[in-house]
Every structure is written in structure tokens, then in C-alpha cells.
Undergrad: 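Can you keep this structure in mind? I'll have questions shortly.
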Amino acid sequence: MKNKGYWFLALVVLLAPGSVFGQEGINNPPKTQPTPTKVTPNTDPKQTNEISRERREQAYAKLLEGQRYIWGLINSRTQAGRAASARLAKDSLQKAVELDPTLSEGYTALAELSFNMPPNDIEEAIRLATIAVKLNPNNFGGHQILARLYTIKSRLNRGILDEGFAQKSIQEWEEVGRLDPRNAEAFAFLGEFYDKTNQPKKRIAALKKWLSSATPLDSRFFRGITQEDNLAPESALVKLGAALLKEGETREAVEILSRAVADDPNSDEAVELLSRAIEEADGKTAAMAVESLQQAIFANPVNTSLPVLLAQVQARSGNLDEAAKTLRTSILKLAEKDKVSAAQLQMALGDLYRDAGRIDEAAGIYKNALAIRGIENDRLVTDEDREFAYTVYERIIQTYKNANRPNEVKKAIDEAKILFGKDDLFADKQLISFYRENGQRTEALQTIRGVRTVNPQDFELLRTEASVLTDLGRVDEGVALLRNLIGKKELDSNSPAVVPAFDDFYNYLYISSLYSQAKRGKEAIEAANQAVELAKRDDRKQVVARLTLATAQQTAGNFAEAETTLREILKQNPGYPVALNNLGYFLIERNEKLQEALSLIQKAVEIDPTNPSYLDSLGWAYFKLGKLEEAEKYLLSAVRLSEGSPTILEHLGDVYHKQGKAELARSTWQRALKLTADKEEMNRLKGKLQGKGTK
């Protein structure tokens, strides 16, 4: 059958409301159908004015006759019966437009029949519908069928959008919306097309109109194109909230998403978007969500995301006690029937106290999460509970680190050693990390080597040792550890795959990064090129290797080559967040194309909003553009996610300095100086601490 792929959508075009022959239910179409005779209207004004009343009445009667045959087609149970009804319907409709060439509805009906019956001629259907709307610009059915047919040809949601047909679709759906201001289908499709053609303000306007539209009786065409089930106006809430949030309309986004969560407390997407909106909102705006969240919690008491979100809003409004009460109430409700969820809420309660600076209380609450989960301190943790216990102690250790209380950090690490047992490396790795973050690199190296004596096959520890050696200015020793693995192909006894420690591709990547860390660009480029060579037949590895190569080129001072490499990656992978961030940061550091850099980094953050490197880049971009409040906001978020980064801390210190917060700037730079092993960074930070200015 010609155009076989159109069949489902063809049925919907014919039968959906607004169609001349709209009616529920149809059997399979006949396999054969005569090719229709092309009909062309007589638009000569003299002749059209001479059409008698009698001919007009005869034409309308033929139109009704065609409709009756369509009903026969729909209700017929035999293929022969359907074929006969289709032929008679077409004959009647053709006679109708011959009698009255200005009968717009006749051409609309012929267009629908032409597309919906074999050979499903979409081009002929478009031609006939175009005649219909030319004869009568207010022909709703003609505009609707054109909108649907152009939507099919636009390949919406099928990969690469056909821009020409997308614009035609937009034009026709706008006409449908003009003729029926409450047409949900029109505004839903307009929202999709405006999104795909990067028209955010029009998208928001269309989604608002969808929100105030009537619920359609039939959404099969919309579902067939978008794979979304619901055209009801409330379906626009989450989409509208996301669009508003993307455009920085935070207050309105909070309002809309609060409604979405109240309407559907089970919507993970709505809860996640509301959480992001609240994170970006000021305290007064965030407080707007309280009532909706309270309603949602009442409707869905087992959803742990809702009380956490409500508590965060209450805490941001200065009501820590009320926030704690919200979480404790939910913990008590869940403690007996769902210990796992109750323990997770207990962790969220600890976060509230940590963020409020009540460190000891926070640590105690975290430990209580173990008890709620059923984990006893005087026994080795079971495998089932091990991951949760890791999370608890990571949170306790990080909380004491943030508060600059090293004695408590070491005490918590000792406790973890007892809980997890001597064969578990969690506590050892935490201690190594603690030493490194405090600039105690010699102690870190000694600890690593001691642990590796017992666990020589731990590849993560080997890489960490190589990195610490590089921090100590002994990069050749670090590289030698990895070069010893090159060419070895030891296999995992349980798998034919190469053990990660003996994967030459990743070893060359890491060697390149060590050389870049040591500012030895030439060797970094050589190692990266080795990785590129090994990744020839793997597109994913090629991207990773070329990202490493771009970093090496930048280290070597080959800035034009580094930019070219990154742009080539983005040309082939437009939405790759690492490349977006790296190119944006590269341009910022060069003080070039700052607006483009900002846009690139914003896209990376949108894809991965909790990546500290991307948040650092975004904060630094705002700093360069003189937007200090935005810069501070994103850099503080980056610091919370990556306490041990001297680069992020230096950037934050620079923002404080520019804001006139001298003491905060000095303390932040001092923290960065303590963490860095890079001589250039050390000299720059020392200069800042001596009053010699910022970047």
C-alpha cells in the first residue's frame, strides 16, 4: 500500500473532531481505490457570482450525500462495502464542487478523503485543503487538516526537524487557534513547534493558552505524533513551569509548578522541577509553594520527596523548627512500615541542621539514621546496608570538614573503620582524601602505599598515588606507575573484557592528564594522541580522547588548536556537556566571546545542574561579565559540591574581593592556597593575599 506509514494518522485526521466527517470508530481501509480525478475550483468572479441558488442547493445536497456515504464506509464490515462507499462518497463530493466551485467545505471533505483512503495521497490532500482555505480563510476544517498534514511532513519528534514544513505547521496551527481560541490541540502543537524552533516566549504564550483550553474529546493525532497520552489542559502545567524556569521567570514557575504538584503529587517530574525552581527563588517566592506542598503531602504521605522539599522551603524562610517538625512528622509515620524511607528522611533532617551551622546536632542526626535503618554501631554492617552506611559517614565526615574540625573528621573515620571492618577500604580512602584536601600530601602518599601493600590490585589507589606524586612534583614517578600497565592484557576471570587497570586507552588518558597537571603540555599531547589512535573505531572514546587532547593543547599554549578541537567535538555532538563547558571556560580564560561562553556553559549546566565544574564555570563567566550576585550564587553551589577544589575557592575569593568582602576573600584564598600543589596557582594566590589584586 502506498504511504503505508501514514495509516494510523490518516484515520485520526479523518475521524477527529473538527473533521467534516468526524466520527468514532472505523474498520480497516480497502486495499484498492481508484485514483481520484483532480478537481480545480472555478474562481472567476463573474462565473461564481452567476451560480444560481438552485445549483448551490444541489451542491449542498451532494455534500450531505457524500457524508452519508462516509457513514456507510465507517459502519461497513466488509472490504468491498468500504471500497464502494469510498467511491460513492468521492463521486458525490466531486459533483458538489462541480456544481458550486466556491463550496469550501467540499474541498475540505475531498482533502480528508484523499489522504485517509488508499492510496493516501498526502500531496493531493494538501492541494485540496489549500483550495478550501483560499476560498474561505475561516474554514476551520481546512486549516486543521493542513496543520496536521504539515505536522506529519515536519517530522516533529522524529530527529531532524524539517524547518520549511515546521513553519507551515506553525502558520496553520495558529489559524486553528485563531478560529477556536480554546483548541487544546492547536496550542499543544504550537508549544512543541515553538520549542523546537527556539521561540521561548511564544512557547510560553502557547502553553498558557493550552492551559485555558477545553479538554478535547479525541487526542489520537496528538498522541500518534508526540507519544504523549493527554491533551487535557492540566498537562500543560509541567511544560509551562519548565519553560518559565528556563527563561528565568522563577516566581511564575514556582506558582505554576506548585499547582502541578498539588494536582498530581505522584509526578516526579513536577516535584523535581519545583525543587529546582525553589532553589533559584528568593525566600518570599519559595514560600508560595508551602500550601501546595502541604496538600500534596496529605494526598501522598509515602512520597518522601515532598516533605523534604517543604522542609527546605520552610528552612529558607527562616522557620528551621517548622522545617524540622515537617520531617520528624513524616519520619514517625514511616518508621514502622518503611525504615528505608524513614532513614532517608532522617538524612534530610541532618542536612537542615548542617546548613544552619548546627554541626554537632547534624552529626548526631546522621548517626540516628543508622539506628532507624536498623544498623547497630557495635556490629559489622551487612552488605545490604553497606551503601547506606557509606552515605551516612561520608555526610558526617564532610560536615566536619566544612566546619574545619579535623579532630572530629579523624574520629569519624576511625568509627567508620570499626563499623565496616579492616578489609573495607572506605575509611582508608576517606583518610587519604582528608590528607590531600589539607595539603598533607606526604602523609597521603604514605597512607596510600601502606594500603596498597595489602591491596596491590586496587587500581583506584594506584591512580591516586600517581596523582599525589604529581602534586609533589614527581610526575615521572606517577606516570611510570601507569606505563608499567601498558601492553598488559590481564583478563577478568569472570569476563572476557580487559580489566580496567590494563586498558591502554584509559591509561593513556590518565597519563595525559598527569602531564597537563604538571604543566608539561608536549608530553600531555603525545599521550592524548595515543588515546585518540586507540579509539579509532569507538565514537564515544573518540570524544573523550579529543577532550583530553584539547586540555593538553591548552596546557601547551596551543590555544587555536584547543579551540578547534573543542568546536569539532561540538559540531559532531552538539549537546555534549563536557565540551560545552570546556569551550566556554576556555573562552572565558582568554577573555574572548564572553556572551558565547556564557551561553555554552548555561547549556552544560542545564544538562547537568549539579556538576561543580560547570557551576564554577558559570559563576566565573558571570564574574567576568560583572554580574557579581549571580557569580557568588553559582560559585557557592560549586563549593558545596566540591569542597577540595582550589580553583573554585580562588574564584569565589575573587568574587568576595570584588564585592568588598575583604575578610571573606582572604579566608577563601587561604583555603585555596592550602589545597593547591600548582606553583603558578600558589604564586598567584600569595600575591592576592599580599594585596596584589585579582585576575
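All values below come from the heavy atoms of this structure, side chains included, with hydrogens, waters and symmetry mates left out.
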Undergrad: For residues 271-278, dump all side-chain donor-acceptor pairs below 3.5 Å to protein atoms at least two apart in sequence or in another chain.
TA:
none

Undergrad: Not counting sequence neighbours, which residues clear salt bridge (charged side-chain N to carboxylate O under 4.0 Å, His left out) with Asp360? List them please.
TA: Arg405

Undergrad: Considering residues at least two apart in sequence or located in another chain, which fulfil the salt bridge (charged side-chain N to carboxylate O under 4.0 Å, His left out) criterion with Asp385?
TA: Arg373

Undergrad: Tell me, please, which residues at least two apart from Ala427 pass side-chain contact (heavy atoms from CB on, under 4.5 Å).
TA: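 Partners of Ala427 by the side-chain contact (heavy atoms from CB on, under 4.5 Å) criterion, ordered by chain and then number, come out as Ile413, Ala416, Lys417.
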
Undergrad: In terms of side-chain geometry, is the basic nitrogen of Glu563 or Arg590 positioned less than 4.0 Å from the acidic oxygen of its partner?
TA: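 Salt bridge: no.
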
Undergrad: Can you sort out the partners of Glu361 under salt bridge (charged side-chain N to carboxylate O under 4.0 Å, His left out), two or more places apart, ordered by chain and number?
TA: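 Expected list: Arg358.
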
Undergrad: Using a 4.5 Å cut-off on heavy atoms from C-beta on, say whether the side chain of Asp351 contacts that of Arg395.
TA: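 The answer is yes, as the side chains (C-beta and beyond) meet within the 4.5 Å cut-off.
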
Undergrad: Using atom types as modelled and distance alone, determine if a side-chain donor or acceptor of Glu592 lies under 3.5 Å from a backbone N or O of Leu587.
TA: no

Undergrad: With a 3.5 Å distance limit and no angle check, can you tell me whether Gln346 reaches the backbone of Ile365 through a side-chain donor-acceptor pair?
TA: yes

Undergrad: Which pairs with one or both residues in residues 238-263 pass salt bridge (charged side-chain N to carboxylate O under 4.0 Å, His left out), sequence neighbours excluded?
TA: Glu192-Lys239, Lys208-Glu252, Glu228-Lys239, Lys246-Glu606

Undergrad: Quick check: do Arg203 and Leu240 have side-chain heavy atoms less than 4.5 Å from each other?
TA: no

Undergrad: Can you see whether Phe434 has Lys401 sitting over its ring - NZ or CZ less than 6.0 Å from the centre and within 45° of the normal?
TA: no

Undergrad: According to salt bridge (charged side-chain N to carboxylate O under 4.0 Å, His left out), does anything in residues 308-331 pair up with another residue at least two apart or in another chain? List the pairs.
TA: none

Undergrad: Run the ring pair (Phe, Tyr, Trp, His ring centres under 6.0 Å) test against Tyr622 and tell me which residues pass, sequence neighbours left out.
TA: Tyr634

Undergrad: Hey, what's the ring geometry for Phe189 with Phe222, parallel, tilted or perpendicular (30° and 60° as the breaks)?
TA: perpendicular

Undergrad: Going through the checks in order, is the side chain to side chain donor-acceptor pair (under 3.5 Å) test met by Ser341 and Asp338?
TA: CA-CA 6 Å; Ser341 296; Asp338 188 351; 2.6 Å; yes

Undergrad: Answer whether the closest heavy-atom distance between the side chains of Leu635 and Leu615 falls below 4.5 Å.
TA: no

Undergrad: Quick check: closest heavy atoms across Leu161 and Ser154, and the distance to 0.1 Å?
TA: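 Smallest heavy-atom distance, with atoms named: CD1-O, 3.4 Å.
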
Undergrad: Counting only N and O atoms by type, is there a donor-acceptor contact under 3.5 Å from the side chain of Asn303 to the main-chain atoms of Pro265?
TA: yes

Undergrad: May I ask you to decide if Ser513's main-chain N or O and Ser516's side chain share a donor-acceptor pair within less than 3.5 Å?
TA: no

Undergrad: As a quick check of understanding, evaluate side chain to side chain donor-acceptor pair (under 3.5 Å) for Thr197 and Glu163, giving each step before the final call.
TA: CA-CA 8 Å; Thr197 56; Glu163 293 287 343; over 6 Å; no

Undergrad: Set out, in order, the CA-CA distance, both residues' side-chain angles and the distance that settles side chain to side chain donor-acceptor pair (under 3.5 Å) for Gln517 and Asp471, then state yes or no.
TA: CA-CA 8 Å; Gln517 184 181 336; Asp471 287 343; 2.6 Å; yes

Undergrad: Enter the distance from Met288:CE to Thr250:OG1 here, rounded to the nearest 0.5 Å.
TA: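 Nearest 0.5 Å value for the CE-OG1 distance: 11.0 Å.
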
Undergrad: Can you give the donor-acceptor pairs under 3.5 Å from side chains of residues 575-583 to other protein atoms, not counting sequence neighbours?
TA:
residue	atom	partner	partner atom	Å
Asn581	OD1	Ser617	OG	2.7

Undergrad: Is Trp210 reaching over with its side chain to a backbone N or O of Leu231, donor-acceptor style, under 3.5 angstrom?
TA: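 At least one qualifying donor-acceptor pair exists.
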
Undergrad: Is a salt bridge present between Lys429 and Glu460, judged by a nitrogen-to-oxygen distance below 4.0 Å?
TA: yes

Undergrad: Taking salt bridge (charged side-chain N to carboxylate O under 4.0 Å, His left out) as the definition, give me every residue that meets it alongside Lys519, ordered by chain and number, with sequence neighbours left out.
TA: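 Expected list: Asp678.
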
Undergrad: Show every salt bridge (charged side-chain N to carboxylate O under 4.0 Å, His left out) that has at least one partner inside residues 594-603, sequence neighbours left out.
TA: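 Qualifying pairs: Arg567-Glu596.
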
Undergrad: Could you go through residues 387-394 and list every donor-acceptor pair under 3.5 Å that involves a side-chain atom there, pairing it with any protein atom two or more places apart or in another chain?
TA:
residue	atom	partner	partner atom	Å
Tyr390	OH	Asp424	OD1	3.3
Tyr390	OH	Asp424	OD2	2.5
Thr391	OG1	Glu387	O	3.1
Tyr393	OH	Glu415	OE1	3.3

